[in-house]
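Inspection log for the structure reproduced underneath, given as structure tokens.
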Number of protein chains: 2
Amino acid sequence: MITKLEELCKQAQNSGKKAIIAGSNDTHVLEAVKDAKQLNIIEPIFIGDRKKTEQCASTVNFNISNFEIIDCQSESQIAQKAVELMHQDKADILIKGLINTAVILKWVLNKDYNLNTGNLLSHVALMEIPSYHKLIFISDVALNIAPDLEQKASIVLNSIILANKLGYEKPKVALISSNEKVSLKLESSVDAAILAKMGDRGVFGPCIIDGPLALDIAISKEALDQKGIKSQVNGDADILIVPHIDAGNVLYKSLIHFASAETAGVIVGSRKPVVVTSRADSAKSKLYSIALSSLL
Amino acid sequence: MITKLEELCKQAQNSGKKAIIAGSNDTHVLEAVKDAKQLNIIEPIFIGDRKKTEQCASTVNFNISNFEIIDCQSESQIAQKAVELMHQDKADILIKGLINTAVILKWVLNKDYNLNTGNLLSHVALMEIPSYHKLIFISDVALNIAPDLEQKASIVLNSIILANKLGYEKPKVALISSNEKVSLKLESSVDAAILAKMGDRGVFGPCIIDGPLALDIAISKEALDQKGIKSQVNGDADILIVPHIDAGNVLYKSLIHFASAETAGVIVGSRKPVVVTSRADSAKSKLYSIALSSLL
């Protein structure tokens, strides 16, 4: 079981997975790809403007002369070509470079290619927080804006599948709301109650799932006891499911900016993982994201 | 201008404001009241079960024999009596003890008493985060569940009035959303755009207000520059307005549990402040909340 983000790199080292960099003329992503290549986590294939890609690579001191570069300008063509190669099993991981996320995902979801399994795509962030004793998965902080109940169920399932792959056999899932009481005025609490009961009935496979839980009683046994609440998650959640992107986003950014958290993130739900690093991510975080995706 | 929570106590010391403790048979609140009395921040009046109140006071080693105790059992009567005394200007601050928050607020909002000014009541939390260089106000993390645009405008105004009273003459207000782009699919971003423009037109008085802003670019000039966005708040927000209680609650609890933040909180919008401390609050935080309310 992964307990530190650095272990992602150790486990992924020398896996040499084929990774497509879609929109490869991007210094930020090339830096991370360079790091990942140095550890032999991935074997990159670049798709993008060849000249610009070579310039960016030279800026970050990355010798890419031995790798395949598919020269391509249009965003839509870059995305289509990338997804086509994934479909043909010529690559295992799709890494977004300088290209609109929506364009990439549109092609990932295209039914002519087998990346689309019919599942909802969702983003999972794996957070390492210095003040906290364990890693925490959070979903969805980046992709689905205001998921309905069915979409939330998919988000739960995607995150559990990811945790399973990292060795969490029976992850503890907290369905986050601002209140542990089920209040009919608070949609997140109602949805959490339903999802928790679905989980009890085995819908999500082996897991311990409870909600609605406020953040404090999801991650602190002390807070749980203080409030006198009983929860199978027992203040020891592995996975936090947030009810809305606004809630997830402030939590994610609060952890990074105020609690010095490092993170690895990946989009799951497609047949193969998609990495969407953000310019604001630290260099470490970008590398961890690639390593994480290579383990899936 | 207040820059550390401890300054709240220093400024409030010896102000000797009359404070009503509604539902006074509560050891947690009595501990905070004892601390506040020792600094002569408040002069308490207790309303609640006399015997139980005396027992609780003795548990926390608080000699209350010289203070007024109004013997009263029923929650509704406790709340009514408390609000009546506030209405008659026999007290300046209302502190919730062991009594349902909804019951207290129902009486605060009762139009027969002049605490109800017709304004929305909202909660403001003032956060001191060790990893951050300044205090931050956050609203509303505790009271209004899913405020509509009109309620959000009141939440903004209430928080600015509070900041003004603490010496922030022209506070910088960030309207938080998960995205800085105005996306018509993301309600928080649309509302933020409207509120920001209202602010530009002077609706909220002297302040610098901008949104939608994601948390990172609201509180980090570096993140703002990295994303290439221009904002008058300039990554240096004094006040964060969250779009929904779920977003506020995870932010608040993340700061406390993962970033070791201390906090002071108060309900504003009524003619006189109401303090609603939670059992989960630290002893310091409860004292700070009382000190904060005594400065309003």
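Numbered from 1 within each chain, the chains take letters A, B, ... in sequence-line order.
Most heavy-atom pairs under 4.5 Å with chain A, from the set B/Ala259, B/Ser178, B/Ala280, B/Ser183: that is B/Ser178. Interface check for chain B: of the options A/Ala247, A/Ala218, A/Ala146, A/Ser278, the most heavy-atom pairs under 4.5 Å are formed by A/Ala247. When the candidates A/Leu251, A/Ile145, A/Asp216 are compared by the number of heavy-atom contacts under 4.5 Å with chain B, A/Asp216 comes out ahead. Ranked by non-hydrogen atom pairs under 4.5 Å with chain A, the options B/Val242, B/Leu240, B/Leu255, B/Val250 are led by B/Val250.
Using a 4.5 Å heavy-atom threshold, the side chains of A/Asn144 and A/Ile245 count as separate. Taking the side chain as every heavy atom from C-beta outward, B/Ile155 and B/Val124 never approach each other to under 4.5 Å. Between B/Lys96 and B/Val274, every side-chain heavy-atom pair lies at or beyond the 4.5 Å cut-off. For the pair A/Leu162/A/Ser159, no side-chain contact is recorded, criterion being any heavy-atom separation below 4.5 Å from C-beta on.
The contact between B/Ile219 and chain A is made entirely by side chain atoms (from C-beta outward), counting heavy-atom distances below 4.5 Å. Contacts between A/Ser254 and chain B at a heavy-atom distance below 4.5 Å involve backbone atoms as well as side-chain atoms. Residue B/Ile217 does not touch chain A at all, counting heavy-atom pairs closer than 4.5 Å. Both the backbone and the side chain of B/Phe258 come within contact range of chain A, each with at least one heavy atom under 4.5 Å from a heavy atom of that chain. For a residue to count as touching a neighbouring chain, one of its non-hydrogen atoms must lie under 4.5 Å from one of that chain's; by this rule B/Ser177 touches chain A with backbone and side chain alike. For B/Lys185, the parts lying under 4.5 angstrom from a heavy atom of chain A are both the backbone and the side chain. For a residue to count as touching a neighbouring chain, one of its non-hydrogen atoms must lie under 4.5 Å from one of that chain's; by this rule B/Ala223 touches chain A with the side chain only.
Using modelled atom types and a 3.5 Å distance limit, the side chains of A/Asn179 and A/Ser189 yield no donor-acceptor pair.
The CD atom of B/Glu128 sits 4.5 Å away from the CG atom of B/Leu5 when rounded to the nearest 0.5 Å.
Closest approach of A/Asn25 to A/Cys56, counting heavy atoms only: C-SG, 3.6 Å.
The 12-atom threshold is exceeded at CD of A/Glu180, counting heavy atoms of other residues, nucleotides or ligands nearer than 6.0 Å.
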